[in-house]
Each structure stands twice: as C-alpha cells, then as structure tokens.
Amino acid sequence: MSATPPYRFDRTATAAELHDRYAGLDDGTETADVVSVAGRMLLRRVQGKLAFGTLTDPTGRVQLFARTDSTPRFDEFAALSLGDWLGVTGTVMKTRRGELSVRVDEWCVLAEARRQFPDKWHGLVDVDTRYRQRYVDLWVNEEARRTFLLRSKVISSTRRFLEDRGFLEVETPLLHAVQGGATAKPFVTHHNALDMDLFLRIAPELYLKRLVAGGLERVFEIGRVFRNEGISPRHNPEFTMLELYWAYADYTDAMELTETLVAGLATEIHGTSKLTYGGRDLDLTPPWRRATMVELIAEHAGVEVDVAMPIDELRAIAKGLRVSFKPAWGPGKLVLEIYEKTSEAEIWGPVFVCDYPQEVSPLARVHRSKPGYVERFEPIVAGRELGNAFSELIDPDDQRARFEAQAAEKDAGDDEAMSVDEDYLRALEYGLPPTAGLGIGIDRLVMLLADVPNIRDVILFPTLRPESG
RNA sequence: GCGCCUCUAGCUCAACUGGCAGAGCAGCAGACUCUUAAUCUGCGGGUUCAGGGUUCGAGUCCCUGGGGGCGCACCA
C-alpha cells in the first residue's frame with residue numbers, strides 16, 4: 001500500500017522550535033518559510049477537502065494542515081493511521097483559528113503503525129501495559145516522557161556537579177567473586193571458562209575504595225547494582241546507585257555534599273529547592289537537620305536507648321514497642337530495628353540520621369567520640385532512605401575483625417552477610433587515607449524530584465514476570 | 001514468600017440479587033474547504049486471563065493456575 005520508507009529524513013525543526021520561533025505570527029497568515037518536521041501523527045481531523053493532523057515529537061505537538069490543492073496524494077494523507085510516523089515538509093502558517101501549522105506540501109510515511117494506538121482521550125492507563133510497552137506509554141502519557149527526561153537530567157547534572165569538584169568517574173566490575181559492600185542477597189551467575197560462580201554486584205563500594213588506596217583521591221561511579229530481594233513500589237531488583245569516595249574528608253563533608261547536590265538538582269530542574277512530594281511540602285534547602293539515631297528514637301518512640309544498655313533491657317523496650325526481634329541480635333541490631341520500625345517512616349525530612357551502631361555497619365569507621373557507634377548517616381527524605389554514607393573504615397585490623405563477624409553471621413545462615421575480602425584487606429594494609437564515602441539511590445532521588453510514588457515510574461523497563469505465563 | 005484486591009473489544013470502561021455481552025474512542029464505508037478529543041450517517045469488531053466445577057442457564061458463584069496492583073516480610 002504505502003511506499004518503502006526512506007532511509008533517512010532531514011528534519012529542520014522540532015515542534016517546540018516552531019512554537020518558539022512563530023509565537024508572534026498572526027492568525028490566518030502564511031509565511032514563506034519552508035520547514036521539515038517529523039514525528040508521529042496521533043490525532044487527525046479530516047474535513048472534506050481539508051485535513052488537519054497533530055504531529056507529535058519529543059518536544060511537543062504541531063498541527064499539520066493539508067489541502068487537496070497543495071498536498072500531494074491528499075486522499076492517502078487523509079487516510080493515514082493514528083500513530084504513523086511521518087516526515088512532512090511545507091510552509092509555516094497559522095490557521096484562521098490561530099493554530100500554528102505546517103502546510104503539507106510534501107510528505108512521506110517514515111513508519112507505519114500497524115497496531116492501533118490507545119484511546120486518544122483516555123490514553124493508556126493499565127500500568128502493566130505501560131511498563132511492558134513503554135514504547136507506547138512514552139507517546140501516550142506525557143508525564144511518563146517528562147519523568148524520563150528528568151531522570152536523564154538528574155544523572156547528567158550529577159556527573160557535572162561531581163566533575164566540577166574534581167571527582168573522576170570510573171567503572172568497576174559488575175561480576176564479583178566475593179560478596180561485599182552492602183548487606184544484601186546477591187544474584188549468582190556462573191562463568192563457564194573459569195568454572196566459577198560469580199555474584200552480580202550488590203555495591204561497587206569495595207572496588208571504589210581500592211581506587212582511593214590507589215591514589216585516585218576522588219572517584220565516583222553511577223551504575224547498576226543488583227539485589228536478589230522482593231519487588232515493591234520502592235524496590236526493583238536492579239537499580240542505579242551513585243557512589244563516591246573522597247580522600248581526606250569525613251562524613252560531615254559528605255553531608256554538605258549531599259544537601260548541596262540534591263538542593264542544586266531541585267533548583268536546576270524546578271527552579272526552587274522548595275518542592276512538594278505527594279501533595280506535601282518538602283523543603284530541600286540546606287542545611288538539612290542533623291540528628292542522631294538515638295535522638296530520633298527518643299522523639300518518635302519516646303524511649304531512651306543506647307547500644308551500651310544491657311541486652312535484656314533493650315529487648316524489653318523492643319517488646320514494649322511491639323518491635324519483633326531475633327534472639328541472635330545484639331544491641332546494635334536491636335537499636336537499628338527499633339529505629340526502623342518506629343521512626344524512619346515518620347521522618348519527613350530532609351534529615352541526616354547520624355551515628356549508627358557499629359554492629360550493623362561493617363565498613364564504617366568507629367565514631368571519634370561515641371564508643372559502640374560509627375560515623376555513618378543516612379539522608380532520610382519523605383520517610384525513605386535516599387542514601388548511605390560514612391567516614392570509611394581504614395584500619396585493616398578492625399576491618400578484618402568486622403569481616404570475620406560478618407562471615408560468622410553468614411555461616412550462621414544469614415545469606416545477606418558479607419564474606420572476608422582478603423584482597424580488599426590487602427589494599428587497606430597498603431594504606432587507605434581518611435576517606436568519606438557516599439551512596440545515593442538515583443531511582444529514589446528521581447522519584448522525589450519527579451514527584452512519583454512508584455519506582456517503576458522512574459525505571460524505563462522495570463523487572464516484571466514474563467508476559468506469557 | 002504470605003494476605004487482600006483486580007483482569008470484559010486495539011484503548012477507556014459498563015453489564016441490578018446468576019437470565020440474549022454493551023458504550024465511547026479507535027477501525028472500516030460515506031458526507032463535509034479552518035478543524036482542535038472536529039462533526040454527521042452507516043457497518044464490522046469478544047477464548048469476558050486460562051482450565052475445571054455448581055446450575056436449566058456463569059462475565060457474575062466455587063476450585064486450581066497465570067498476570068498485575070497494594071500491604072506485610074526483606075531491603076536502598
């Protein structure tokens with residue numbers, strides 16, 4: 001029926017460019033300017049010897065104006081399917097009703113839409129179809145396209161922000177022989193030639209710190225990590241993490257960097273650091289509140305806890321708050337659990353939750369003045385962890401002891417615990433300077449900035465079960 | 001993994017306590033020289049997620065399985 005599509009098309013203007021350039025054009029006038037536009041025709045209004053189409057491209061929409069006396073193959077044009085990709089060349093004009101249009105003087109089909117597009121008014125609502133057929137969703141749901149453009153901007157701005165501060169972007173292995181860098185269940189795969197199991201990384205942390213030991217004083221990586229855990233509105237098995245390591249700095253420097261970065265992104269994208277999320281005000285303007293975990297527990301649960309308290313006392317407090325726990329848990333894990341169950345979701349933030357129990361932080365350096373705690377913080381925004389950071393543990397003996405404690409937990413059946421990473425210890429033995437480390441979940445950051453409630457709204461192809469069951 | 005909810009035309013949705021599966025948009029045919037979700041006339045369109053059961057009769061009730069959503073668990 002239609003001719004073979006051309007192999008290329010020279011577009012000279014986008015919809016947005018035309019609207020910018022011809023904003024002042026009077027109604028009912030025609031210019032002598034000839035432009036070429038391309039995109040998808042998603043609406044059509046045929047009226048006898050006239051036909052109007054709405055051409056959509058990633059920048060917006062522009063009307064096509066076809067007329068029997070100036071449009072070649074007019075009948076064919078009027079019979080195009082909604083969704084067809086078109087290349088159109090013609091003069092720029094404004095209709096009598098004031099709609100900026102390109103007169104269709106030449107046109108070709110760039111690709112046929114053999115499948116019908118969703119309802120032009122109701123669009124595509126079914127979330128399953130939206131996630132599976134993102135190639136349709138992106139055309140039909142304006143906010144989907146906007147969200148992914150925003151995501152791209154967040155990542156490129158973050159890169160620029162860090163590069164401007166002397167950070168070097170690096171890439172480290174996704175296939176890990178040793179599980180470490182976070183407490184999480186890994187995906188296991190197998191290398192045939194080496195005949196060995198490998199883990200998809202759960203965090204790039206240990207490799208990045210090796211690089212700081214190697215003299216790359218400021219490094220960062222933005223990349224995918226994989227965790228073999230449940231799927232929820234806030235969890236996807238593969239997600240994107242920013243991690244950075246910064247020699248000669250500590251966790252207070254990481255706090256400043258975090259609030260500057262996040263507020264800067266908000267301002268760059270929305271023009272202000274005062275946002276709303278889910279209908280609620282969210283002010284990201286620095287400085288963010290800094291509070292310790294035990295302070296926040298006192299605020300939200302009304303109890304005083306400390307990792308130095310006798311374990312029975314902590315268990316009694318947990319019971320009183322109806323926080324369930326396992327007998328094997330030490331005081332640190334109990335305090336963390338009490339915090340997570342009673343306080344975290346209540347914190348709207350932004351807040352830096354500081355000073356975690358050492359017991360639950362195998363890679364963080366002991367607090368300079370609080371025994372039993374480490375210099376670690378998580379930025380909490382809208383009741384969610386946005387990241388995790390610490391003054392890095394640089395003492396190889398202490399690190400070995402922490403790894404061994406982790407390995408013991410692994411032997412006791414905790415498949416999220418880390419293994420002893422001898423090569424990493426060797427790197428520490430060569431010497432790692434005082435270093436601050438920061439990890440930020442990019443997906444969650446994008447959720448905040450885009451004001452969407454589900455992580456699948458910020459991941460183009462979220463993990464789903466196969467369609468044909 | 002467990003609990004609750006959900007699945008009807010390409011899309012968005014109807015179908016009272018079980019009683020002939022419908023509408024709008026999209027599609028097809030036609031009318032229309034400034035439309036804006038164009039309008040008007042006509043037409044076609046279904047494995048009601050799949051399989052089984054109860055019943056004279058199942059989209060509707062029951063069972064099994066599948067997809068999805070939410071909550072819990074786990075985590076960022």
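Reminder, nothing fancy here: chain letters follow the sequence lines and each chain counts from 1.
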Looking at [X], I'd like to know whether one of its side-chain N or O atoms comes within less than 4.0 Å of OP1 or OP2 on [N].
| X | N | answer |
| --- | --- | --- |
| A:Arg465 | B:rG67 | yes |
| A:Arg44 | B:rA26 | no |
| A:Arg234 | B:rC70 | no |
| A:Asn454 | B:rC70 | yes |

Could you list the donor-acceptor pairs under 3.5 angstrom formed between side-chain atoms of residues 16-24 of chain A and any protein atom two or more places apart in sequence or on another chain?
from, atom 1, to, atom 2, distance (Å)
A:Glu17, OE1, A:Thr14, N, 3.1
A:His19, NE2, A:Arg61, O, 2.7
A:Tyr22, OH, A:Asp33, OD2, 2.5

message: Can you list every stem that RNA chain B is part of, counting only runs of 3 or more consecutive Watson-Crick or G-U wobble pairs with both distances under 3.5 Å?
response: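 B:1-7 with B:66-72, B:10-13 with B:22-25, B:27-31 with B:39-43, B:49-53 with B:61-65 - these are the stems of 3 or more pairs that involve RNA chain B.
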Can you give the donor-acceptor pairs under 3.5 Å from side chains of residues 449-464 of chain A to other protein atoms, not counting sequence neighbours?
from, atom 1, to, atom 2, distance (Å)
A:Asp451, OD1, A:Gly278, N, 2.7
A:Asn454, OD1, A:Arg456, N, 2.9
A:Asp457, OD1, A:Tyr131, OH, 3.4

- prompt: Taking RNA chain B as the partner, which of residues 48-60 of chain A come within under 4.0 angstrom of it by heavy atom?
  reply: A:Gly48, A:Lys49, A:Leu50, A:Phe52
task: Please report the shortest heavy-atom distance between A:Arg376 and A:Ala364, naming the atom on each side.
output: CB-CB, 4.4 Å
field: Given RNA chain B, 5'-ward residue of the pair A:Lys341 and A:Thr463, judged by closest heavy atom
entry: A:Thr463
field: RNA chain B: 5'-proximal contact among A:Pro233 and A:Ser81 (nearest heavy atom)
entry: A:Ser81
Restricting to nitrogen or oxygen on both sides, can you table the protein-nucleotides 4-9 of chain B pairs closer than 3.5 Å?
none

message: Just to be sure I understand the rule, does A:Gln47 reach a base, reach only the sugar-phosphate, or reach nothing, if contact means heavy atoms closer than 4.0 Å?
response: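 It contacts base atoms.
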Detail all sub-3.5 Å separations between protein N/O atoms and N/O atoms belonging to nucleotides 22-25 of chain B.
from, atom 1, to, atom 2, distance (Å)
B:rG24, N2, A:Asp119, OD2, 2.8
B:rC25, O3', A:Lys120, NZ, 3.3
B:rC25, O2, A:Asp119, OD2, 3.2

message: What's the separation between atom CG in A:Leu64 and atom CG in A:Leu55, rounded to the nearest 0.5 Å?
response: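 Here the rounded value is 5.0 Å.
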